[in-house]
Every structure is written in C-alpha cells, then in structure tokens.
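The residues of the chain are indexed from 1 along the displayed sequence.
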Amino acid sequence: MSRSIKKETLLKVAERLFYEHGFRGVGLKQIISEANVATMTLYNHFPSKDNLVEEVLKQREERYWSYLDSHVEMDSDSPFILAVQAHGRWLKEQSYKGDMFLRAIENYSGTDNEIENIARGHKAKLLKYFQLLAQRKGKENKRDLANQFTLLLEGTTSMTTLIGVEKATEHSIAMARTLVQHSS
C-alpha cells in the first residue's frame, strides 16, 4: 500500500470503529490490526490517538458539508426543507447511531483539546449555515430561524435512535414546513 492509501485506510477504519464503539472503546492496536498496517505507519501519520480523532472528525465534517451542499439548492424556493431532507438522508446513510460530533464533545469536554474545538466548531457552522440561508431568503428573524433549524436537525439526529431515521426525518420535515410558513 502506498503512503496516502495507508493513511486513508487508517482514517476509514478508525472512523468506523470510533463510530461503532466510541472513542474510548477503541485502542490504537485494534485500528492498526483492522487497517492491516504496521504500528510505525500509524505513528508516521498520526503522532497520537488524539491526532487521529481530530483528522477523523475533520474528514467527516468535510463529507457532511459536501453532502449537504450537493443536495441543497440555495436559490430554491425552500432551501430549509432541502437541508432537512438532506440531513435525514445523511443520517440514514452515515449517522444511524447518533452524532459523532456530540460524542466527541461528551468524551473530550473540558480537556482543553482540539477535538472538542472541532466538534463545537461543526455545531457553530451549522448555526451559521442556517443564518446564511435565512439572510439569502430575506428573513427578518434570521437568528431565531437559524436557532430553530439547528435545534430541529439536532433533535432529528437524537430521535433516530428512538424512532428510526425515517420517522424522525418525516417529523422534522413537517416541522420545517411549519417553521418556514410562520417565518417572516
């Protein structure tokens, strides 16, 4: 395996294992074993487990935004509904067991590290995303609307573990339509 392929393999395996078993539930030995690389290969790319977690989160965030951007037409009649629908599809395809960013915040909160900053930054970016949508659509209450839609997506993510992604998405789309109808 070439150097970049090995790094990508490590990231893919680490993300899957972290997602399935949690950040604390997976050791570097397991990642090395399942990625079928030498220990030094891991350390050549990632000096520590925290560095690996950081890169996993950065790549996941990049994929999320790329996914959302590919499904949301900013100039459509209702980019808010498209964003909620796209988030529901993302949950079904990539995040069926909850939110990896919230898990990172829970696991690394208060430890003064880049992992928590990346995860909190993802949440802040979601809020800014909806503020931008509201601004583009000429909504006067853009800050409130952004908070409501961010809360809606976070709630949808949480509810997938209780009622399933299809039902959670169905409810969130209905709520999104109500929010859009009642926004000024």
Short side-chain to backbone donor-acceptor contact, [X] and [Y], under 3.5 Å:
X    : Y    : answer
S66  : E62  : no
K49  : V26  : yes
N147 : D144 : no
R103 : Y19  : yes
T161 : S158 : yes
E116 : G110 : yes
T169 : V165 : yes

Got [X] and [Y] here, is their nearest side-chain heavy-atom distance under 4.5 Å?
X    : Y    : value
S78  : Q85  : no
M100 : F23  : yes
F18  : R60  : no
K137 : V180 : no

Parallel, tilted or perpendicular: which describes the rings of H122 and F101, with under 30° parallel and over 60° perpendicular?
->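 Geometry flag for F101 against H122: parallel rings.
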
Taking the six-membered ring for Trp, are Y64 and H87 parallel (under 30°), tilted (30 to 60°) or perpendicular (over 60°)?
-> perpendicular

Mind listing the closest non-hydrogen atom pair of A14 and L52 along with its distance?
-> CB-CD2, 3.8 Å

Between R143 and F130, is NZ or CZ placed under 6.0 angstrom from the six-membered ring centre and within 45° of the ring axis?
-> no

Check the hydrophobic clustering (I, L, V, M, F, W, Y; side-chain heavy atoms under 4.5 Å; chains of links allowed) and say if [X] and [Y] are grouped together.
X    : Y    : answer
L127 : V72  : no
F80  : L179 : yes
L102 : L17  : no
I105 : L151 : no
L152 : L82  : yes

Strictly under 6.0 Å, is that where the ring centroids of Y129 and F149 end up?
->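 No: the rings miss the under 6.0 Å criterion.
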
Euclidean distance, [Y] [atom2] relative to [X] [atom1], rounded to 0.5 Å:
X   : Y   : atom1 : atom2 : value
I31 : K12 : CD1   : NZ    : 15.0 Å
H21 : K97 : NE2   : NZ    : 7.0 Å
S4  : H45 : OG    : NE2   : 8.0 Å

Who else is in I163's hydrophobic cluster (ILVMFWY, side-chain heavy atoms under 4.5 Å, direct or via others)?
->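 The other cluster members (ILVMFWY side chains, heavy atoms under 4.5 Å, direct or chained) are M159, L162.
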
Could you tell me whether E61 and K58 have a side-chain N and a carboxylate O separated by less than 4.0 Å?
->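 No, no charged N to carboxylate O under 4.0 Å.
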
Salt-bridge present (R16, E34; N to O < 4.0 Å) | yes

Applying side chain to side chain contact (heavy atoms under 4.5 Å, CB included) between P79 and each of L133, L132, V84, report the one that passes.
-> L133

Between E55 and K7, is a salt bridge (Lys or Arg N to Asp or Glu O under 4.0 Å) present by the stated rule, with each step listed?
-> CA-CA 11 Å; E55 190 62 31; K7 181 178 180 180; 5.2 Å; no

Cut-off 3.5 Å, side chains only: do N44 and T41 have a donor facing an acceptor?
->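 Looking only at side-chain atoms, T41 and N44 do not form any donor-acceptor pair under 3.5 Å.
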
